[in-house]
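To start, the structure itself, in structure tokens.
Throughout, protein chains are lettered first and strands after them, A, B, ... in sequence-line order, and every chain is numbered starting at 1.
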Amino acid sequence: MMVNWQAFIVVVVAAIVAACLLVTLFSTALRVGDGAAPWRRLVAVSLYVLCGLVVCFGLYLIVPALHGG
Amino acid sequence: MDIMLVVALVIALALFFDFTNGFHDTANAMATPIATGALKPKVAVAIAAVLNLVGAFLSTEVAKTISGGLIREGDGGVRITPVLVLAGLIGAIVWNLVTWLLGLPSSSSHALFGGLIGAVMVGAGFGAIDGGVLVSKILIPAVLAPLTAGFVSFIATRIAYTITKKRERDNFKIGQVFTSSLVSLAHGTNDAQKTMGVITLTLIAAGLQPTGSGPELWVIVACALAIAIGTYTGGWRIIRTLGKGITDIEPAQGFAAEVATTATILASTNLGFALSTTQVASGSVIGTGVGRKGASVRWRTAGRIALGWLITLPASAVVGAAAAFVAGLGLWGVVLDVVLAAAAILVIFVRSRRSHVDHRNLHLPVPGKFVRPKKRKTVAVR
């Protein structure tokens, strides 16, 4: 019985990194955006955009058709 | 002519299974946003349906695990006949509907594998099942997946609560819409594949398709549609269990849980692991319940769910085996199987009407701010 432990470790690490990255970005965006100062708005929006980019990158990796895999 | 009838029945049953898979799994993506009021129920299932449809077209990795590996085929192996697939599907469908009636988020994947395994064991003997593949590709991931998701969700929840202040957390509702959409997409890439794999396996076994070929376009379209329609139909009982039954979920938790679910599912789909999205999603919900300070997890419910997971594979195997035994009696056996299955489905459906749950009586939260900051002590007394 062979379990592909290497693949499993990759899955766990990838999941942790991806999830934590996304949650950190979004939470920080919420925290920073709390207030009236204009710089807050700017930073918050850019963080949201970063979230979107991370998600797009993930989708690009996952979907074979997108990266010619 | 016999074989064509059986193949037609298999395709019909497979698509029906796909439909049950759809409504069984809507909860995985949409229970948390519905519970926090981030999405209205009907809107939630509509989004889930569309994204499942899209996701189904995006990837075919998982389909190959079904047709290859689990059941030894070819030399020294067994001929998997459409009749056995039919029996297996009956096992899967019946068990899926029973767990739906009980509001238990159980794994449709395990129901499918179990049904097939039970049918093959009766039809072709124990040696037909590759035990190594069973353990390494199905049983072990089944234990590891919810644990991983729970762990990831726990960390994500802690991060979310550490970084944000109380009054900011209501805005996680917006994030929830996106993360739940991602889960639906991920689900589409993972689950519709299984039915595609089964139908393709049957067509190959009946000689209508060359061995080793992938799913035909009409199969992909039909399976995608079946799961999407099933998703839209709702599975409200299971939504209630996942959204309220395990722990009371706040928007930040819903967000963290769905991010964890998406990350785990997408990471493993990439490697062709046929994961149970239900077990991952439930693991995430439990993990987030543990992660928020002051939250309590109803371990009794969690225990019932875990028990459901343990018995799904054997239970559907038993039904599949029984169906295979009946089907083995000849063409009349096959017809009898389908009639009995239809009767069981009808009984379950009638039984469910007694305690009908739909989008109207889910006990939804009052719309508006979900997380209220502490009020000062000025209470007006009338």
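- Between the CZ atom of A/Phe26 and the OG1 atom of B/Thr164 there is a distance of 10.0 Å, given to the nearest 0.5 Å.
- The choice from A/Leu22, A/Thr24, A/Val32 that makes the most heavy-atom pairs within less than 4.5 Å of chain B is A/Thr24.
- Around the CZ atom of A/Arg41, the shell of radius 6.0 Å holds no more than 12 heavy atoms that belong to other residues, nucleotides or ligands.
- Residue-environment remark: CZ (B/Phe151) stays at or below the threshold of 12 foreign heavy atoms within 6.0 Å.
- Annotation for B/Ile174: atom CD1 does not count as buried by contact number, only 12 or fewer foreign heavy atoms lying within 6.0 Å.
- Residue B/Ile155 comes nearest to A/Cys20 through the heavy atom pair CG2-SG, 3.6 Å, listed as atom of the first residue, atom of the second, then distance.
- Heavy-atom distances place no part of B/Phe178 under 4.5 Å from chain A, backbone and side chain included.
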Original post:
Does the side chain to side chain contact (heavy atoms under 4.5 Å, CB included) test come out yes or no for A/Leu59 and B/Leu185, once each step is laid out?
Top reply: CA-CA 10 Å; A/Leu59 286 176; B/Leu185 191 69; 3.7 Å; yes
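- The heavy-atom pair separating A/Ala19 from B/Ala260 by the smallest distance is CB-CA, 4.3 Å.
- For chain B, no part of A/Val17 is nearby; none of its heavy atoms comes within less than 4.5 Å.
- With a 4.5 Å cut-off on side-chain heavy atoms, A/Phe8 and B/Pro141 do not count as touching.
- In this structure, the separation between OG on A/Ser27 and CD1 on B/Ile159 is 7.5 Å, given to the nearest 0.5 Å.
- When each of B/Thr264, B/Val152, B/Thr148 is checked for a side chain to side chain contact (heavy atoms under 4.5 Å, CB included) with A/Ile16, only B/Val152 meets the rule.
- A/Arg31 and B/Ile163 get closest at one heavy-atom pair: CD-O, 2.8 Å.
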